[in-house]
2 protein chains.
Amino acid sequence: MATIEREKAATIADVARRAGVAKSTASRLLSGARQGTPWAREAVERACDELGYRPDPNAQKLARGQSQNTIGLFTHFLDLGVGTKTLRRVQQLLGERGFSVPLHVTISGIEHQDHLALLQNVCAQRYRAIVGAQAWLLREREWEELAQYGRNGGPVVLYDHTPRLPIACDQVLFDMENGFRAAVAHLAALGHTRIGTFFAPMRHPETSPQLRAFERVLGEFGLKLRPHWLFRGQGHIEHDLEGALAAQTFLDLAPSKRPSAMLIVSDSAAMGFATVLSRSGLQIPRDLSLVGHDDKPIAALCSPPLTTISYPVEAIAARVVELLCERLDGTYNGPPRTEIISGNLVERHSTAAQKG
Amino acid sequence: MATIEREKAATIADVARRAGVAKSTASRLLSGARQGTPWAREAVERACDELGYRPDPNAQKLARGQSQNTIGLFTHFLDLGVGTKTLRRVQQLLGERGFSVPLHVTISGIEHQDHLALLQNVCAQRYRAIVGAQAWLLREREWEELAQYGRNGGPVVLYDHTPRLPIACDQVLFDMENGFRAAVAHLAALGHTRIGTFFAPMRHPETSPQLRAFERVLGEFGLKLRPHWLFRGQGHIEHDLEGALAAQTFLDLAPSKRPSAMLIVSDSAAMGFATVLSRSGLQIPRDLSLVGHDDKPIAALCSPPLTTISYPVEAIAARVVELLCERLDGTYNGPPRTEIISGNLVERHSTAAQKG
DNA sequence: TTGTAGGCGTTATCAA
DNA sequence: TTGATAACGCCTACAA
């Protein structure tokens, strides 16, 4: 494959030559380390302009030892919900502290293969630090990679759902179980015993920690999850679509076999679910009680206002950034910390007492 | 601020020393340029393992001239809709072709200040190429930056809405006007004359090309946009929220002053709008005709199924990648190309004939 | 196949 | 303040 010819970019040597000074002088003036004489100052500046000079960050990083002000952020896929919102918030907070925060995303779906390449790439960049989300997808090889980075690269902070990730680094973990408990308690108090659920697609449904947490909680109330009450996403990026598709499956069930309440692990999915149900004449909460997850702002405004478990985007992002910055400025350099954050049930109007 | 001490990462020199070979030998074996004797091969491999050696990409890029397989992708904010979906698709397609595609995002909102820093950062990375979205936000200084990169960096491909961006590079532009025309024609045929609209927040409402396009189209049908029929977003990341808030403003209007149809430039916003309306007992399309934008998958499934203008995520992403790859492999190296892509009206059931 | 030597574009050190 | 000169870590002729 032929490659286009391009002029080579100007280097600091070109600038120095044109300005009639030494390389080192140009470097100093440009980095602002010294004032320099007005004359030299202006000459260098003009040379830069004329040449369109841009320092090569690779050379800079090499010479300076490492990139001081950029932090690598990685995740495995951009969702269209709280995941991306949290990512954005982390970037924002770190940005406010003067860091540049490029985001690395795995290209493929939920499959394994790309994760290693992504992680190697991220670790290899010699960022000042690394922040990662959705790390539960990683496997042994990738953990090694991250651990290696942690050893002689810089701090690593991960945030995810419980359980704790198998790596020695600071972690902010969202524990869904507390929320589940509040939701199930609420539904059980309303007389519901047939509680179904919708979960995002998972690699190993049998071992999904979230699903098991849900079943555990159900057990605490003497309830059990029937297989046909478990609805699973198909991997579309749009949660509302996922919810809508689940609703179609729901409607395929004979009315007597349907759950009387559903815990849908995403407000968007819950709303998609509800809108499809309404086309069939079913009403929330009359015909089905619905509990969402995330407490998106719209949940309070939609019809009916959605009872939901909150996902504290702000708290999580803030904590991640705090843990990281404490490491970076040396305020803390003890053993890895694990922060558990959980959501609360926000009661609104999408649940009602069990009929009959 | 104190900084934590870390051991320095192993270099290729360490590896070579430990393996008892020369640096160059280690380099060759690692890069796979030569086979090497089995003995040396194994010695180097073991040394790498023991030392946890990771090549420094900065040094590699410097030595090799530039990063051959990474493409910079930038945008100004991650939305929770088609913007992010398109970004993701571009990353995916480029990833399939073997490129690593870090995403750079401006941290701040719609304000100007950060864009320059972002762009300088992106350009400075010496990526093989740059792909950008939402470039309409850029100003003169940033255009210069990109132009400079294009001169001696590599190809730049931008995608955005019309109008054409003031820079000499390949562009894929989505033209909303055709969709508007189809929508307004549709509504006009149903007898609507009071057509309102919802737009995302803009810097300069008076000069927003999209809004002006809408007004122009309205004019073609002898219609006019009343100021109180124009609803504007408040800048929240959730479109559904934006729509819901707009609906509250809508409901504050005396019924006689309300538009009879709305074109809402986002399906999510349209659905948020609709759900708030329904809480007040208003029904779509009985009391208000609604046309959305984007043709999200859920639009076909919700209640009522949403008439909407499509936004061809796949076509746009594919075209961006094609244009770029043609530049990269030298298939095309002529003058900048501009591709216009537009959406179509997808008629469903959220519109009805004007009452009375 | 291997080792030596030089270069990539910066920054940092040290006399002048 | 300035200008040589030496790193920084890797790659790549070139000669052995």
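Note on naming: letters A, B, ... go to the chains in the order of the sequence lines (proteins, then strands), and numbering restarts at 1 for each one. On a predicted model such as this, the values are computed, not experimentally measured, just so you know.
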Indicate whether the side chain of [X] and that of [Y] have a donor and an acceptor atom separated by less than 3.5 Å.
{"X": "B:Gln91", "Y": "B:Arg88", "value": "no"}
{"X": "B:Gln134", "Y": "B:Thr75", "value": "yes"}
{"X": "B:Thr86", "Y": "B:Arg89", "value": "no"}

For B:Gln60 and D:dC11, is the shortest distance between a side-chain N/O and OP1 or OP2 below 4.0 Å?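 Looking at the OP1 and OP2 atoms of D:dC11, one of them is under 4.0 Å from a side-chain N or O of B:Gln60.
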
Is there a side-chain polar atom (N or O) of A:Thr25 under 4.0 Å from OP1 or OP2 of D:dT2?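 A:Thr25 to D:dT2 OP1/OP2: no side-chain N or O under 4.0 Å.
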
Rounded interatomic separation in angstrom, taking [atom1] from [X] and [atom2] from [N]:
{"X": "A:Asn58", "N": "C:dT10", "atom1": "CG", "atom2": "C1'", "value": "11 Å"}
{"X": "B:Leu30", "N": "D:dC10", "atom1": "CG", "atom2": "C1'", "value": "11 Å"}
{"X": "B:Ile12", "N": "C:dT2", "atom1": "CD1", "atom2": "P", "value": "14 Å"}
{"X": "A:Lys61", "N": "C:dT10", "atom1": "NZ", "atom2": "C1'", "value": "13 Å"}
{"X": "A:Leu62", "N": "D:dA6", "atom1": "CG", "atom2": "P", "value": "17 Å"}
{"X": "B:Arg64", "N": "C:dG6", "atom1": "CZ", "atom2": "C1'", "value": "18 Å"}
{"X": "A:Asp56", "N": "C:dT11", "atom1": "CG", "atom2": "C1'", "value": "13 Å"}
{"X": "B:Leu29", "N": "C:dG3", "atom1": "CG", "atom2": "C1'", "value": "13 Å"}

One thing to verify: whether B:Arg141 and B:Glu144 come together as a salt bridge, which I'm taking to mean a side-chain N less than 4.0 angstrom from a carboxylate O.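 Between B:Arg141 and B:Glu144 there is a salt bridge, with a charged N closer than 4.0 Å to a carboxylate O.
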
Chi angles and distances behind the salt bridge (Lys or Arg N to Asp or Glu O under 4.0 Å) call for A:Asp14, A:Arg17: CA-CA 5 Å; A:Asp14 299 324; A:Arg17 193 175 319 119; 3.3 Å; yes

Heavy atoms under 4.0 Å, any strand shown: does [X] hit a base, just sugar-phosphate, or nothing?
{"X": "B:Arg41", "value": "nothing"}
{"X": "B:Thr37", "value": "sugar-phosphate"}
{"X": "B:Thr11", "value": "sugar-phosphate"}
{"X": "A:Ser27", "value": "base"}

Report the nucleotide, chosen from C:dG9, D:dC10, D:dT5, that has the shortest atom-to-atom distance to any side-chain atom of B:Ala59.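 For B:Ala59, the side-chain atoms sit closest to D:dC10.
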
Nearest to the A:Ser24 side chain among C:dG3, D:dT5, C:dT10, which nucleotide is it?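 Per side-chain heavy atoms of A:Ser24, the pick is D:dT5.
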
Quick check on DNA chain C: between A:Lys23 and B:Lys23, whose nearest nucleotide comes earlier from the 5' end?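 So the residue in question is B:Lys23.
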
Between B:Gly36 and A:Arg28, just flag the one whose closest nucleotide in DNA chain C comes earlier from the 5' side.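 Taking each residue's closest nucleotide, the earlier one in sequence belongs to B:Gly36.
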
